[in-house]
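For reference, the structure discussed in these notes is given below.
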Amino acid sequence: MEKIKFGCAPIAWTNDDMPELGAENSFEQCISEMALAGYEGTEIGNKYPKDPETLKKFLEARNLEVASAWFSAYITTEDFNEVEEAFIAHRDFLHAMGAKVIVVSEQGYSIQGQIETALFENSPTLNGADWKRFITGLERLGDLANEKDMKIVYHHHMGTTVQTTTEIEQLMADTDPDKVSLLFDTGHLVCSGEDPMYILDKYFDRIGHVHFKDVRSDVKAQVTQNKDSFLSGVKQGIFTVPGDGMIDFQPIMNYLVEAGYEGWIVVEAEQDPSVCNAFEYATKAKKYIDGLGHN
Ligand SMILES: O=C1C[C@@H](O)[C@H](O)[C@@H](O)C1=O
Ligand SMILES: [Co+2]
């Protein structure tokens, strides 16, 4: 792995959590615009070809690599054999695409997809037995990733069982660093009211993947006050690209560079592309990031 590489997530073109957002944007438009905006890699969206050879053809023509892709785990609520089977298929696809890390998020009890559930009041907490089941299952997924010389990077996320600093600390304390790494997502930390520099400094050695997402403070206040859901918040524009919201990315980038981070930084800013054009915002984000200094 050579130092830092910059990728972009397709969620700004078409949102897989709400496919009506950006339904008009095609897969080819999405990857062509990412490449044109100056990115070297992409994560994977639902419109991407499922066959690795076909996908490689499209990406190689645009000089894009696959950084990773999200896996929704239901360790706490579903039969683990099924979780494992789905994970192996996902792992093998990413391995064939040359990715080194697998984004994992536990979605058992998650309120992330519930359009009517107030985001800032209903984040789930696991009881002791569920937490133990979660940790055991997650480490098993880590073993499966290691079989292919890959690692899982756990995505802390609004409205899920691992959202807050305390929950991240618990997860890090209870898992083997050789089996479970951390994904550092600036947008989710700040949206939740956490201090991203604290997490970055404390867990730098465990961070294997980075999502750069910014937060609009006025929309966050509105979503909190109106008791809106995560999805409703996204539609209203709670997230945006780095440099367009309340987060100061300079100290974050300085830390990553000075500490010698090697891996992907993926710009991931889900918002309504009919309001905030995905290409325009991806370009603006890349310019902002380049202005911070890196590599
Ligand atoms: O990494 C992510 C993937 C999305 O599906 C999710 O909802 C988004 O907020 C995110 O950070
Ligand atoms: Co993310």
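We number each residue from 1, following the sequence as shown. Each ligand, and each atom within it, is numbered from 1 in the order the structure gives.
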Under a 3.5 Å cutoff, is there a donor and acceptor pairing between the side chains of [X] and [Y]?
| X | Y | value |
| --- | --- | --- |
| Thr175 | Arg206 | yes |
| Gln222 | Asp218 | no |
| Glu194 | Thr165 | yes |

Lys179 side chain to Asp143 main-chain N or O, any donor-acceptor pair under 3.5 Å?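 No.
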
If only atom types and distance count, is the side chain of Glu106 paired as donor or acceptor with the main-chain N or O of Ile75 below 3.5 Å?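 Present.
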
Looking only at distance, does Asp185 have an N or O less than 3.5 Å from an N or O of ligand 1?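 The answer is yes, given that Asp185 and ligand 1 share an N or O pair closer than 3.5 Å.
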
Heavy atom under 4.0 Å from ligand 1: found in [X]'s side chain, backbone, both, or neither?
| X | result |
| --- | --- |
| Met158 | neither |
| Val103 | neither |
| Val234 | neither |

Determine, using ring centers only, whether Phe6 and Tyr39 are less than 6.0 Å apart.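 Ring-ring flag for Tyr39/Phe6: false, centres at least 6.0 Å apart.
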
Is Asp174 salt-bridged to Lys132, going by a charged N under 4.0 Å from an acidic O?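 Answer for the salt bridge query: no.
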
Output yes when Asp149 and Lys100 qualify as a salt bridge under the 4.0 Å nitrogen-oxygen rule, no when they do not.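 Yes, charged N to carboxylate O under 4.0 Å.
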
Specify whether His157 and His155 have parallel, tilted or perpendicular ring planes, treating 30° as the upper limit for parallel and 60° as the lower limit for perpendicular.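 Tilted.
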
Report yes or no: does His155 have an N/O/S atom closer than 2.8 Å to the Co ion (ligand 2)?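 So His155 does bind the Co ion (ligand 2) by this criterion.
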
Any N, O or S atom of His211 closer than 2.8 Å to the Co ion (ligand 2):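 Of the N, O and S atoms in His211, at least one lies under 2.8 Å from the Co ion (ligand 2), which means yes.
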
Residue Asp185 atom name (nearest to the Co ion (ligand 2); N/O/S):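 Looking at Asp185, the N, O or S atom with the least distance to the Co ion (ligand 2) is OD2.
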
Of all N/O/S atoms in Glu268, which lies nearest to the Co ion (ligand 2)?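 In Glu268, the N, O or S atom with the shortest distance to the Co ion (ligand 2) is OE1.
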
Taking the side chain as C-beta and beyond, is there a heavy-atom pair between Phe134 and Leu171 under 4.5 Å?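 Yes - at least one pair of side-chain heavy atoms lies under 4.5 Å apart.
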
Would you indicate which of Thr186, Leu231, Asp17, Leu183 comes nearest to atom 7 (O) of ligand 1 when only heavy atoms are counted?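 Looking at heavy atoms only, the winner is Asp17.
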
For [atom], grab the closest protein heavy atom and report residue, atom and distance to one decimal in Å.
| atom | answer |
| --- | --- |
| atom 6 (C) of ligand 1 | His157 NE2, 3.1 Å |
| atom 1 (O) of ligand 1 | Glu268 OE2, 2.5 Å |
| atom 9 (O) of ligand 1 | Glu270 OE2, 2.5 Å |

Suppose I only count heavy atoms of [X] and a 4.0 Å limit; which atoms of ligand 1 are within that range?
| X | result |
| --- | --- |
| His188 | 8 (C), 9 (O), 10 (C), 11 (O) |
| His211 | 1 (O) |
| Gln112 | 6 (C), 7 (O) |
| Ile11 | 4 (C) |

